[in-house]
Amino acid sequence: MRTQVGIIGAGPAGLMLAHLLRRAGIESIIVENRSREYCEARVRAGLIEQWARDMLIETGVGERLKAEGLFHKGIKLQFDGVLHEIKFTELVGKGTTIYGQQEVVKDLIDDLLRHGVPILFEVSGTRVSDLDTKLPKIHFTHDGKAQQIECDFIGGCDGFHGICRPSVPDGKLTFYDREYPFGWLGILSESANVDEELIYSYHDRGFALYTQRSPTVSRLYFQCAPDEDAGNWTDEAIWEELRLRLGGVCPLPTGPILQKGVTPMRSFVTEPMQYGRLFLAGDSAHIVPPTGAKGMNLALADVLKLSRALAHFYKTGQHDRLDGYSAEVLPRVWKAQRFSWWMTSLLHHFPHENAFDRRRQVAELDYVATSRAAAMTLAENYAGLPID
Ligand code: FAD
Ligand code: DHB
C-alpha cells in the first residue's frame, strides 16, 4: 500500500489528523490494533475546551456534539464544606463542553469511513522502519496477511504505550517525567446529576471530582492508591466514599455503576516530538495527570498544527513548518503540564504532607475563590489557551 500520511492509532489524535488531512486534500491510512467496537466503547476523557468544540463544529464533525454536548459556564470548587463557583464565561468569555471522548471517536470514525478514508482495525505486530528516509514504512499483519504501507510521513498517534516513540533511536529524544503517589478510581453510573456544574472537591479523605456524561449518566472520580484494585471496592463502598468526600455540600443521587477503573497519574513529555519523517502527537508524546482535563485537548491541538504543517509542505514543497513542528507545539504542551501539575498539587493529599501543606492548599483555594485575578488564571487555562 502507498499513501501520503500513514497514521498509527485510531484515538482522538490519529482520527482527527486523518480528518483534517482529508479536508486539506491529503490522503492517509490509519492502522489500529484494537477493534472498532473497542475504540468506540473505551470510556476516558469527557471535557472539551472551547476552541476544540469550535474546531469540531467548524470542520463538520460537531453535529451530535452541538445537540448532545453539555455546555458548562464554569466549575465549582469545594473546600471547608462550601461550594465556590468559578464562572469562566464571565471571566474569560469561554466555557467547556462535556461530551465523552468515545463520542468524538465515533463521530470521527463515521465521518472518515463515509469519506472513504481507510481505517484498518485489529492489526497486529505494528512496526515502523526507514524513518530517516523519504519513504518511511509501516509494517503490520491484517486479516492474517503481512502488510506494508509506504508513506511520505508517519503520524505516531498510538498513545503512551504505543510503538512509535520507542522506535526512535536511543539518544534522539529526551524524556521529562514525574509520577504521582496516587491514582483516581473512576466510575460511570446511571444516576441523576449532582449539580449543573463539575465539582472539584478538596477533602481530608482525599480529592474527589463530580462530572457527568448526560442528564442521566454521571462520572465520578476519587483519589486512591496508585496500585488500587477497583475490584476491591463494592458499589456501596464507592458511593459512601464519594458521599463523604463531596463534603455533604450537595445530595448525591446514586444508581447502578456501569463501569469502574483506576487511572495512575503521571506527567511526561518527549522532546522533540519528531524524528526524521515520524511525527508524534497526543499521548504518544506527552501525558498529563487528569486533573484539569487536558489530555485529549492537547492531542487535538497537536494534530491541528501537524495537519497545517503537512498541508504547507504539500502546497509549497517547503519543509520549514514540519521542521518547526515540535517548537510550535511544545510551549502549549508545557503550559498544559504546568496547569495539570498545579491543579493536581492544589487538590490532592500527598503522603508526606504536614499541617503546613494543608493550610497552604486551603489558602490557595481561598485565593482562587476570592480573587478575580486568580480565578481568571484558572479560567483561562481550564477553558483552553488561545490556539493561534
Ligand atoms: P489514545 O486515545 O491512547 O489512542 C491511541 C490509539 O493507538 C489507541 O486506539 C490504541 O489502541 C492505538 N495503538 C496503540 N498501540 C498501537 C499499535 N502498536 N498499533 C496500532 N495501534 C496502536 N483528556 C481530556 O482532554 N479531558 C478529560 O476529561 C480527560 N479525562 C480522562 C480521564 C481518564 C480516566 C483518562 C484515562 C484519560 C483522560 N484524559 C482526558 C486523557 C485522554 O483520554 C487522552 O489524552 C487521549 O486519549 C489521548 O488521545 P491519543 O489519540 O493521543 O491516544
Ligand atoms: C472529566 C475528567 C477530568 O479529569 C476532569 O478534570 C474534568 C472532567 C470527565 O471525565 O468528564
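Owing to the predicted nature of the structure, the values given are computational and were not obtained by experimental measurement. Remember, it's 1-based here, ligands and their atoms both numbered in the order they're listed.
Looking at Ala299 next to ligand 1, no N or O pair under 3.5 Å apart turns up. Inclusion of Tyr200 in the set of residues having an N or O under 3.5 Å from an N or O of ligand 2 is warranted. Considering both main-chain and side-chain atoms, Gly292 comes within under 3.5 Å of ligand 2 through a nitrogen or oxygen pair. An N or O contact shorter than 3.5 Å links Leu47 to ligand 1 by distance.
A perpendicular orientation is assigned to the rings of Trp334 and Tyr176, their planes being inclined by more than 60° (bins at 30° and 60°).
The option from Ala45, Pro290, Ser340 that lies nearest to atom 3 (C) of ligand 2, judged by heavy atoms, is Pro290. Considering Asn33, Ile7, Ile138 only, the shortest heavy-atom separation from atom 22 (C) of ligand 1 involves Asn33.
With a heavy-atom cut-off of 4.0 Å, Tyr99 does not touch ligand 2 at all. Contact annotation: for Arg127 versus ligand 1, there are no heavy atoms closer than 4.0 Å. Contact annotation: for Arg42 versus ligand 1, heavy atoms closer than 4.0 Å belong to the side chain alone. By the criterion of a heavy-atom distance under 4.0 Å, the side chain of Ile8, and not its backbone, is placed next to ligand 1.
Nearest non-hydrogen protein atom to atom 32 (C) of ligand 1 is Tyr221 OH, 3.7 Å. If you check which protein heavy atom lies closest to atom 11 (O) of ligand 1, you get Glu32 OE2, 2.7 Å. Closest to atom 8 (C) of ligand 2, if we only count protein heavy atoms, is Leu198 CD2, 3.7 Å. Summary of contacts: the protein heavy atom closest to atom 45 (O) of ligand 1 is Asp283 OD1, 2.7 Å. The protein heavy-atom contact nearest to atom 1 (C) of ligand 2 is Thr211 CG2, 3.8 Å. Nearest protein heavy-atom neighbour of atom 1 (P) of ligand 1: Arg44 NH1, 3.5 Å. Ranking the protein heavy atoms by distance from atom 14 (C) of ligand 1 puts Asp158 O, 3.1 Å first. Among protein heavy atoms, atom 31 (C) of ligand 1 sits closest to Ala45 CA, 3.6 Å. Looking only at heavy atoms of the protein, atom 23 (N) of ligand 1 is closest to Met296 N, 2.9 Å. Nearest protein neighbour of atom 26 (N) of ligand 1, counting heavy atoms only, is Ala293 O, 3.2 Å.
Applying the 4.0 Å criterion to heavy atoms of Gln101 picks out, from ligand 1, the atoms 2 (O), 42 (C), 43 (O), 46 (C), 47 (O). Using a 4.0 Å cut-off to heavy atoms of Gly46, the atoms of ligand 1 that qualify are 27 (C), 28 (O). Under a 4.0 Å criterion applied to the non-hydrogen atoms of Gly162, ligand 1 contributes the atoms 15 (N). Near Gly11, the atoms of ligand 1 lying under 4.0 angstrom from a non-hydrogen atom of the residue are 2 (O), 4 (O), 6 (C), 9 (O), 51 (O). Numbered from 1 in the order shown, with element, the atoms of ligand 2 that lie under 4.0 Å from a heavy atom of Tyr221 read 2 (C), 9 (C), 10 (O). Residue-ligand proximity, Gly46 to ligand 2, at heavy-atom distances under 4.0 Å covers atoms 9 (C), 10 (O), 11 (O). Every atom of ligand 1 is numbered from 1 in the order shown, and the set under 4.0 Å from a heavy atom of Thr263 is 34 (C), 36 (C). Interface atoms of ligand 2 facing Trp184, defined by a heavy-atom separation under 4.0 Å, are 4 (O). Close approach of ligand 2 to Leu209 (heavy-atom distance below 4.0 Å) involves ligand atoms 3 (C), 5 (C), 6 (O), 7 (C). In summary, the atoms of ligand 1 found under 4.0 Å from a heavy atom of Thr126, numbered by their order in the structure, are 17 (C), 18 (N), 19 (N), 20 (C). Close contacts of ligand 2 with Ile98, meaning ligand atoms under 4.0 Å from a residue heavy atom, involve 11 (O). Shown in contact with Arg34 at under 4.0 Å from a heavy atom are these atoms of ligand 1, numbered in order with element: 11 (O). Set against the non-hydrogen atoms of Ile163, the atoms of ligand 1 under 4.0 Å away are 18 (N).
Hydrophobic cluster membership differs between Leu244 and Ile257, with clusters built from Ile, Leu, Val, Met, Phe, Trp and Tyr side chains linked at under 4.5 angstrom.
Between Glu353 and Arg358, at least one side-chain N (NZ, or NE/NH1/NH2) sits under 4.0 Å from a carboxylate O, which counts as a salt bridge. A salt bridge is defined here as a Lys NZ or Arg NE, NH1 or NH2 lying under 4.0 Å from an Asp or Glu carboxylate O, and Arg308 with Asp388 meets this definition. A salt bridge is defined here as a Lys NZ or Arg NE, NH1 or NH2 lying under 4.0 Å from an Asp or Glu carboxylate O, and Lys137 with Glu150 fails to meet this definition. No salt bridge links Arg277 with Asp152; every basic N to acidic carboxylate O contact stays at or beyond 4.0 Å.
We find the CZ-CG distance between Arg359 and Asn354 to be 10.5 Å, quoted to the nearest 0.5 Å. Here the CZ atom belonging to Arg36 is positioned 12.0 Å from the CD atom belonging to Glu122, to the nearest 0.5 angstrom. Remark: Asp107 CG to Glu63 CD distance equals 10.0 Å, nearest 0.5 Å. In this structure, CG in Leu346 is found 8.5 Å from CZ in Arg360, a value given to the nearest 0.5 Å.
For Pro12, the heavy-atom gap to ligand 1 drops under 4.0 angstrom. In this structure, Arg219 has a heavy atom closer than 4.0 Å to ligand 1. Ligand 2 has Arg213 within reach: a non-hydrogen atom of the residue lies less than 4.0 Å from it.
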Ile48 vs Leu56, side chain to side chain contact (heavy atoms under 4.5 Å, CB included): CA-CA, chis, key distance, verdict: CA-CA 10 Å; Ile48 298 178; Leu56 288 160; 4.2 Å; yes
Residues Asp111, Arg22; criterion side chain to side chain contact (heavy atoms under 4.5 Å, CB included); working and verdict: CA-CA 11 Å; Asp111 191 79; Arg22 180 193 67 73; 3.7 Å; yes
Phe207 vs Tyr221, side chain to side chain contact (heavy atoms under 4.5 Å, CB included): CA-CA, chis, key distance, verdict: CA-CA 8 Å; Phe207 171 70; Tyr221 303 95; 5.5 Å; no
Stepwise salt bridge (charged side-chain N to carboxylate O under 4.0 Å, His left out) check, Lys294 with Glu49: CA-CA 8 Å; Lys294 290 287 162 237; Glu49 294 175 2; 2.7 Å; yes
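Annotation: side chain of Gln102 is not in contact with side chain of Glu40 (no heavy-atom distance under 4.5 Å). Leu385 is not listed as a side-chain neighbour of Trp51, based on a closest heavy-atom distance of 4.5 Å or more.
Using modelled atom types, one finds no donor on one side chain facing an acceptor on the other under 3.5 Å when comparing Gln223 with His203. Side-chain atoms of Asp320 and His312 form a donor-acceptor pair, as typed in the model, at a separation below 3.5 Å.
Proximity of the aromatic rings of Phe153 and Phe313 is defined here by a centroid distance below 6.0 angstrom, and this criterion is met.
The closest donor-acceptor contact from the side chain of Asp357 to the backbone of His349 lies at 3.5 Å or more, if one exists at all.
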